[in-house]
Amino acid sequence: DNKRQDAYAWIKKQIQETKTQVFIVCPLVEESDKESMKNIKAATAEFAQLKKVFKNLNLGLLHGRMKSGEKEEVIGKFKKGDLSILVSTPVVEVGIDVSNASIMVIEAANRFGLSQLHQLRGRVGRSSKQAYCFLFTSEAEKQDLKRLKAMQQYSSGFKLAEIDLEIRGPGEVYGTKQHGFVNLKLASFLDTNLISKTRSDGEQIIAQINKLPLLQNKLKNYKMRLIEPN
């Protein structure tokens, strides 16, 4: 945070000199009363604050609670270049292509998974312009900094997903917990070689299940479906 004002001054200079455009992404729509979320920047409050910081520039606000027409209008203005800065929640992570945008600022970056950060970072660098991504965080734990350092080191989404899985854990397969570790008796979700082999063997078994009456009888109470890879 002690670099924030310098970053804002640099961003302002980039907009003035190169006419570039900027995404500023916040994890929340509105500020939260929860103790653990009190210091997390929200898009609506940040939009009001940044209008004072970048007072001579046009800013737009985008989040998931807006009506479809309102969202389309804001995105349209940003694409046309009528807005220099778009303050948003992570709704911009996919489906928005603005080649003139070359700066991405992500607030509370430690609250995002690496795959999501990678997707957000992918909104810039879509032209010949040099692109930049700022990851702001406060009260980050050692594990958070390790994850964010990976963003500096790797540009591969697959590699970042592996690192995130290793550090944060897979969460619950049958549940709502999105991170943390499940203690399996015989395997690990990090053993990608075993997972790949298991999938391959499973596909072969399902393909010839009619030739395996004993197995078919054991599985008669289960519904099976082969999910084709994308």
Side-chain angles (χ1 to χ4, degrees), residues 1-31 39-66 70-138 140 144 147-152 154-155 157 160:
D1 270 350
N2 62 336
K3 293 285 186 182
R4 184 178 294 279
Q5 296 310 314
D6 288 343
Y8 287 163
W10 181 86
I11 288 170
K12 195 180 295 183
K13 188 178 178 185
Q14 289 292 310
I15 294 171
Q16 290 167 346
E17 292 183 357
T18 70
K19 308 302 179 190
T20 192
Q21 290 168 276
V22 183
F23 289 100
I24 298 180
V25 175
C26 303
L28 303 177
V29 176
E30 295 174 345
E31 291 176 316
N39 296 322
I40 307 302
K41 288 185 178 289
T44 49
E46 194 65 3
F47 175 65
Q49 171 63 23
L50 291 173
K51 283 201 291 187
K52 300 173 188 174
V53 176
F54 300 102
K55 44 184 133 178
N56 296 322
L57 298 171
N58 292 328
L59 282 72
L61 174 65
L62 182 69
H63 58 75
R65 292 185 193 169
M66 296 167 66
E70 293 173 325
K71 286 191 277 190
E72 288 172 12
E73 183 181 356
V74 173
I75 293 169
K77 284 183 178 179
F78 193 58
K79 284 183 175 180
K80 284 193 291 183
D82 295 340
L83 302 174
S84 296
I85 298 173
L86 182 62
V87 182
S88 173
T89 56
V91 294
V92 297
E93 72 175 285
V94 292
I96 293 181
D97 187 357
V98 182
S99 59
N100 189 52
S102 64
I103 299 173
M104 168 64 71
V105 179
I106 304 173
E107 298 288 353
N110 56 310
R111 301 194 69 85
F112 294 95
L114 291 185
S115 293
Q116 192 170 23
L117 288 176
H118 182 65
Q119 287 276 39
L120 289 168
R121 178 171 64 177
R123 294 307 96 204
V124 296
R126 305 174 81 83
S127 70
S128 58
K129 279 186 179 181
Q130 172 64 50
Y132 304 89
C133 181
F134 292 83
L135 303 177
F136 278 106
T137 183
S138 60
D144 294 327
R147 290 173 54 247
L148 296 180
K149 284 284 183 186
M151 291 292 293
Q152 285 183 298
Y154 301 103
S155 58
L160 289 170

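Just the heavy atoms: all of them, side chains too, but no hydrogens, waters or symmetry mates, feed the values below. As the structure is a computational prediction, the values presented were derived from the model and not from experiment. Positions are given from 1 along the sequence.
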Measuring from [X]:[atom1] to [Y]:[atom2], what's the distance to the nearest 0.5 Å?
{"X": "R121", "Y": "L114", "atom1": "CZ", "atom2": "CG", "value": "9.0 Å"}
{"X": "D1", "Y": "E107", "atom1": "CG", "atom2": "CD", "value": "7.5 Å"}
{"X": "L120", "Y": "M151", "atom1": "CG", "atom2": "CE", "value": "8.5 Å"}
{"X": "I11", "Y": "S84", "atom1": "CD1", "atom2": "OG", "value": "12.0 Å"}
{"X": "E46", "Y": "I40", "atom1": "CD", "atom2": "CD1", "value": "12.0 Å"}

Requested in this report: With side chain to side chain contact (heavy atoms under 4.5 Å, CB included) as the test, would you mind laying out the steps for Y8 and L50 before giving the verdict?
Outcome: CA-CA 9 Å; Y8 287 163; L50 291 173; 3.6 Å; yes
Query raised in the report: Closest approach of V92 and V25, non-hydrogen atoms and distance?
Result: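 It is CG2-CG2, 3.9 Å.
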Report task. Please report the C-alpha distance between I15 and I103 in whole Å, then the side-chain angles of each, then the deciding distance to 0.1 Å, and finally whether the side chain to side chain contact (heavy atoms under 4.5 Å, CB included) criterion is met. Result -> CA-CA 10 Å; I15 294 171; I103 299 173; 5.6 Å; no
Query raised in the report: Only one of R126, K19, K79, Q21 clears side chain to side chain donor-acceptor pair (under 3.5 Å) with N100; which?
Result: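 So the option named by the test is Q21.
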Requested in this report: Only one of I24, I85, V87 passes side-chain contact (heavy atoms from CB on, under 4.5 Å) with F47; say which it is.
Outcome: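 Running side-chain contact (heavy atoms from CB on, under 4.5 Å) over I24, I85, V87 with F47 returns exactly one hit, V87.
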Query - Minimum side-chain heavy-atom gap L61-V74 below 4.5 Å - result: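 Contact flag for L61/V74 side chains = no.
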Query raised in the report: Counting N and O atoms only, with roles assigned by atom type, does the side chain of R147 sit under 3.5 Å from a partner on the main chain of F112, one being a donor and the other an acceptor?
Result: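 Checking the backbone N and O of F112 against the side chain of R147, a donor-acceptor pair under 3.5 Å is found.
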Report task. Give the intermediate values and the outcome of side chain to side chain contact (heavy atoms under 4.5 Å, CB included) for residues Q14 and V22. Result -> CA-CA 10 Å; Q14 289 292 310; V22 183; over 6 Å; no
Query raised in the report: When you look at F78 and L62, which way does the side chain to side chain contact (heavy atoms under 4.5 Å, CB included) test go after all the steps?
Result: CA-CA 10 Å; F78 193 58; L62 182 69; over 6 Å; no
